[in-house]
Amino acid sequence: MEFIYDFSKILLATCRDVLPIIILIVSFQLLVLRQQIPHLRRLIVGGVYVVIGLALFLAGLEKALFPLGNIMATQLSDPAFIYGAGEVVTQADWKAYGWVYLFAAMIGFATTIAEPSLIAVAFKASEVSAGTIKQWGLRITVAIGVAFGISLGTFRIITGTPLYVYILVGYMIVIVQTIFAPKNIIALAYDSGGVTTSTVTVPLVAALGLGLASTVPGRNPALDGFGLIAFASLCPIITVMGYAQLMHWRTKRKT
């Protein structure tokens, strides 16, 4: 009964959030375009599916994904696990958190491979390029970028270094790559950075950052717990353009 009550609240909130989108689309269709809505019954059924699916997804986030990421981060970064029971630690030693870096990289890679929005972009990129851009090649390249970015982000949390330094250096690399990368890959690389931060990746990564910042000695969750998602958006741009530059260089070398 408690779950039904909680799910009903989430479902009502989802309906409230989706309602402005429905009003906007219907208003433009009837008042601006002045045309009847095609396949009205199918659209209504699909809209019901979307609302129920969003509500179930939000309930899953609250019941499973957020607690899972938080628990794993808390356990892996527990001072008793890192330094041994009975040790009093006031300042974290970044060299002792190897398991955290490995877990962050693996969770970043796995969630990106399963990301629906990245699957959609990879499918369209393969379709438009007539198979030149492989779906799995793009997905794996993006996933490697996210894995590196999340691992680097956990290193930043543990060391407590400023976030802006990493972001500035990262975008300087992106700007240089943009100048020299093949022109037909630049837009796709920038989009690849955006689609990684979606339904599967964000909940686990956000919970990982907050759980890590809550457990590492000397860290504040409000100051250090956020920022991992920025790394997950930035690093895939670098890896996709880097992969395109590598393939372009190898092609030129062969010819």
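Bear in mind that the values here come from a model prediction, so they are computed numbers and not experimental data.
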Single-linkage hydrophobic cluster Ile21~Phe57, side-chain heavy atoms < 4.5 angstrom: no
Backbone N/O of Ala232 and side chain of Thr196: donor-acceptor pair under 3.5 Å: yes
Within 6.0 angstrom of Met247 CE, more than 12 heavy atoms from elsewhere: yes
Atom NZ of Lys183 with >12 non-hydrogen neighbours under 6.0 angstrom: yes
Taking every non-hydrogen atom, the tightest pair across Pro182 and Ala244: CG-O, 4.0 Å
Option from Ile150, Thr112, Leu210, Thr154 for which side chain to side chain contact (heavy atoms under 4.5 Å, CB included) with Val205 holds: Ile150
Nearest atoms (heavy-atom pairs only) where Ile229 meets Ala206: CD1-CB, 4.4 Å
Pairwise distance CG(Asp224) to CZ(Arg156) - rounded to 0.5 angstrom: 6.0 Å
Same cluster (ILVMFWY, side-chain, under 4.5 Å), Ile140 and Val195: no
Minimal non-hydrogen separation, Leu234 against Tyr166, with atom names: CD2-O, 4.3 Å
Derivation of the side-chain contact (heavy atoms from CB on, under 4.5 Å) call for Trp99 and Leu102: CA-CA 5 Å; Trp99 284 113; Leu102 179 61; 3.8 Å; yes
Separation between CE of Met241 and OH of Tyr190, rounded to the nearest 0.5 Å: 5.0 Å
Leu163 CG to Leu228 CG distance, which is reported to the nearest 0.5 Å: 9.0 Å
Cluster check Leu223, Phe226: I/L/V/M/F/W/Y, side chain < 4.5 angstrom: no
Residues, nucleotides or ligands: over 12 heavy atoms within 6.0 Å of Tyr243 OH: no
Interatomic distance, Tyr101 atom OH to Lys95 atom NZ [nearest 0.5 angstrom]: 9.0 Å
Backbone N/O of Ala122 and side chain of Ser126: donor-acceptor pair under 3.5 Å: no
Working for side-chain contact (heavy atoms from CB on, under 4.5 Å), residues Val32 and Ser27: CA-CA 7 Å; Val32 178; Ser27 300; over 6 Å; no
Chi angles and distances behind the side-chain contact (heavy atoms from CB on, under 4.5 Å) call for Arg34, Leu30: CA-CA 5 Å; Arg34 299 181 184 276; Leu30 299 180; over 6 Å; no
Close side-chain approach of Trp136 and Ile113, heavy atoms under 4.5 Å: yes
Test item: Val48 and Val45 side chains (from C-beta on) under 4.5 Å apart, heavy atoms: no
Nearest non-hydrogen partners of Cys15 and Val51, listed with the distance: SG-CG1, 3.6 Å
Within one Ile-Leu-Val-Met-Phe-Trp-Tyr cluster: Phe109 and Leu152, side-chain cutoff 4.5 Å: no
Reported CD1-to-CD1 distance for the pair Ile144 and Ile238, which is rounded to 0.5 angstrom: 14.0 Å
side-chain contact (heavy atoms from CB on, under 4.5 Å) assessment of Leu188 paired with Leu138: CA-CA 10 Å; Leu188 178 60; Leu138 179 62; 4.2 Å; yes
Thr239 side-chain N/O to Thr141 backbone N/O, donor-acceptor pair under 3.5 Å: yes
Shortest non-hydrogen separation from Val174 to Thr178 and the atoms involved: O-OG1, 2.6 Å
Hydrophobic cluster membership, Met106 vs Leu212, 4.5 Å side-chain cutoff: yes
Closest non-hydrogen atom pair between Ile158 and Arg219, with its separation: O-NH2, 2.8 Å
Whether Gln35 side chain and Gln29 backbone form a donor-acceptor pair below 3.5 Å: no
Rounded distance [0.5 Å steps], CZ in Phe123 versus CD in Gln135: 6.5 Å
Flag if over 12 foreign heavy atoms under 6.0 Å of NZ, Lys63: yes
